Protein chains: 2
Amino acid sequence: MKGNLNKELVIRLLKYRRILTQLKSLGFEKVFSNNLGDAIGVAPALVRKDFSLLVLGGNKRGGYRIDYLSEQLNKILGKTREQRIIIVGMGKIGSAVAQYKGFHQGDFEVAAGFDIAPENVLPTVGIPIYPTSEIQSFVEREHIEVAILSVPEDVSTECHKILKNAGIRGILNFTPIELKTTQNCIIHNINIGVEIENLFFQVVKNTLPQDVEASLASIIDEELVDVDSEDTP
Amino acid sequence: MKGNLNKELVIRLLKYRRILTQLKSLGFEKVFSNNLGDAIGVAPALVRKDFSLLVLGGNKRGGYRIDYLSEQLNKILGKTREQRIIIVGMGKIGSAVAQYKGFHQGDFEVAAGFDIAPENVLPTVGIPIYPTSEIQSFVEREHIEVAILSVPEDVSTECHKILKNAGIRGILNFTPIELKTTQNCIIHNINIGVEIENLFFQVVKNTLPQDVEASLASIIDEELVDVDSEDTP
DNA sequence: CATTTGTTGTGCTACTTTTCACAAAAACTA
DNA sequence: TAGTTTTTGTGAAAAGTAGCACAACAAATG
Ligand SMILES: NC(=O)c1ccc[n+]([C@@H]2O[C@H](COP(=O)([O-])OP(=O)(O)OC[C@H]3O[C@@H](n4cnc5c(N)ncnc54)[C@H](O)[C@@H]3O)[C@@H](O)[C@H]2O)c1
Ligand SMILES: NC(=O)c1ccc[n+]([C@@H]2O[C@H](COP(=O)([O-])OP(=O)(O)OC[C@H]3O[C@@H](n4cnc5c(N)ncnc54)[C@H](O)[C@@H]3O)[C@@H](O)[C@H]2O)c1
């Protein structure tokens, strides 16, 4: 077995766990690799490979025992760690996420929100809101390790610094500024704007032509002509 | 040149475009591969490869001309297509996205929102809200191709069907149910819950040990012991 | 004009991740 | 018991993706 827990694998494991929890609550006892594959959108062989890699065995013919799988995944993924996070920037998405109750069986909760204008945040978000100046002390006092960043993009890097100085070890960044992971602070960027634009692109690419590849080639050939006539000497 | 526009490449191109627009508005005229690489978090060599693949030439020593690059990217990516999208499920995230004004230079806009309880949606979202029953006719009348899905997870697949039947070609799915791309309808899933859980995992993995690989191995070895003593015969 | 400097363009290499394909094993059947 | 079915486990092949290293070349310098 290799210490081979790459990023995609971890995401699949988290998804397996979610599905297993649901299946269990529905009274199922075993599950096959193709069920799980369907549920999270990957090939059954990959499901088997994943489990094989983690030395989680199933039964030939009988599939995998849900209880066992789910318990082992919990150990590997760090089950009921009762993690708590903070949200910096309690605007539209910040507030939405603060009220999100769909996290895996209450595995973690939002401890507080921070904003430069806390008085504008509606109390309906249901968590305490503090001014930005209190981030540092709160993080230290409450031992917070992970933050969500959802401030306007022009203060993105500034807030990033504040969070790093406060000792935050991981940031889920919703601003369109691509922040970078460092030794002490892991960044995951979610860029919803890019996601939508990407979807548009995939849709037109899918819609326009019969033979996708050919059409792309032709689009790019047009470009080539333009290039020649306009810029290249 | 190959018709080699893979998914990651497209996302990088979208990010380049965003950066180029910003640089232009700041008065810059040329840019180097390492600037762009820094900005979107990839190696300079990859930036050059990308442009080389698309036959977008730079000048040895002089870098790339921003105007030219940005114009060509617009052609490739489908510039001012004035796309319009709808949002199904105008709850917390649905409403947040409806009010998001950060899309690439107004490239597209949210045409309408749909909800099973339109009367509960605050008028401050600033777009027209209609009952779910009107999705089909609206999509046909207004030639909508892309939708955002942000309904509760238990009606996720039901709404997915409605959207497909209405002729929607692409869905950005925020529900934790993994929907699947079909011939006629591309799905991109964004699972914020999993993203947060993943970040937690990466943080503890990063925080706990000095030698990450070793510790992972040991975690998994523990599991192995449990396995042997509990389940495997 | 010769030399130095800085940056692109890209073949090749290396790596990561997924899929294929099929033997092996367990569970059913009769 | 023998035969059939079903599903796992996995080595090997394939596909996808990024990075290196360096020649080529334009611009700047003296
Ligand atoms: N709304 C969306 O759907 C959406 C989608 C994707 C990305 N984003 C990005 O998320 C970020 C926030 O978007 P939003 O729509 O929620 O904006 P918003 O304006 O509703 O919220 C921003 C919040 O940040 C607060 N803020 C401003 N400066 C601050 C500072 N220095 N420290 C702490 N808080 C500060 C503001 O008071 C406000 O409450 C933006 O970067 C945006 O690009 C938003
Ligand atoms: N809030 C978050 O931060 C967040 C984050 C990640 C994912 N999600 C997911 O996004 C989805 C929505 O989350 P939310 O927090 O906005 O929930 P929400 O309850 O605030 O919003 C759901 C909305 O969908 C509407 N709705 C219900 N049934 C419908 C139907 N059949 N057709 C159309 N509309 C219908 C409801 O009236 C409500 O307005 C959920 O699946 C949730 O898991 C939310």
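So that the names make sense, note that chain A is the first sequence line, chain B the second, and so on, each numbered from 1. Quick caveat: nothing in here was measured; it's all calculated off a predicted structure.
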Length of the CG-C1' vector between B:N35 and C:dG6, whole Å: 13 Å

Electrostatic pair B:R169:B:E145 at N-O distance under 4.0 angstrom: no

Distance, rounded to the nearest Å, where B:D50 contributes CG and C:dT10 contributes C1': 13 Å

Ionic contact status for A:E153 with B:R18, cut-off 4.0 Å: yes

Separation of atom CZ in A:R12 from atom C1' in C:dT16, rounded to whole Å: 12 Å

Spacing of B:L53 atom CG relative to D:dG16 atom P, expressed in whole Å: 14 Å

Near-ring test A:Y64/A:F51, centroid separation under 6.0 angstrom: yes

Side chain of B:S52 - closest among D:dA18, C:dT18, C:dG9: C:dG9

Check: B:K49 side chain, D:dG19 base, donor-acceptor under 3.5 Å: yes

Side-chain-base donor-acceptor pair under 3.5 Å for A:R61 and C:dA27: yes

Separation of D:dG9 P from A:L36 CG (nearest whole Å): 12 Å

Between D:dG19 (C1') and B:L9 (CG): distance, integer Å: 15 Å

Salt bridge flag under 4.0 Å for residues B:E197 and A:R17: yes

Sugar-phosphate only, base, or nothing, as touched by B:Y64 at under 4.0 Å among non-hydrogen atoms: sugar-phosphate

Gap between atoms CZ and P, on B:F32 and C:dG9 respectively (whole Å): 12 Å

Distance, rounded to the nearest Å, where B:F51 contributes CZ and C:dT10 contributes P: 14 Å

Test: B:R65 and B:E29 ion pair at under 4.0 Å: no

Of A:A45 and A:K60, the one whose closest DNA chain C nucleotide lies more 5': A:A45

Whichever of A:K7 and B:N34 has its nearest DNA chain C nucleotide further upstream toward 5': B:N34

Sugar-phosphate, base or nothing in reach of B:G62, heavy atoms under 4.0 Å: nothing

Below 4.0 Å: OP1/OP2 of C:dT17 and any side-chain N or O of A:N6: yes

Proximal nucleotide (of C:dT8, D:dT10, D:dG19) relative to the A:R48 side chain: D:dT10

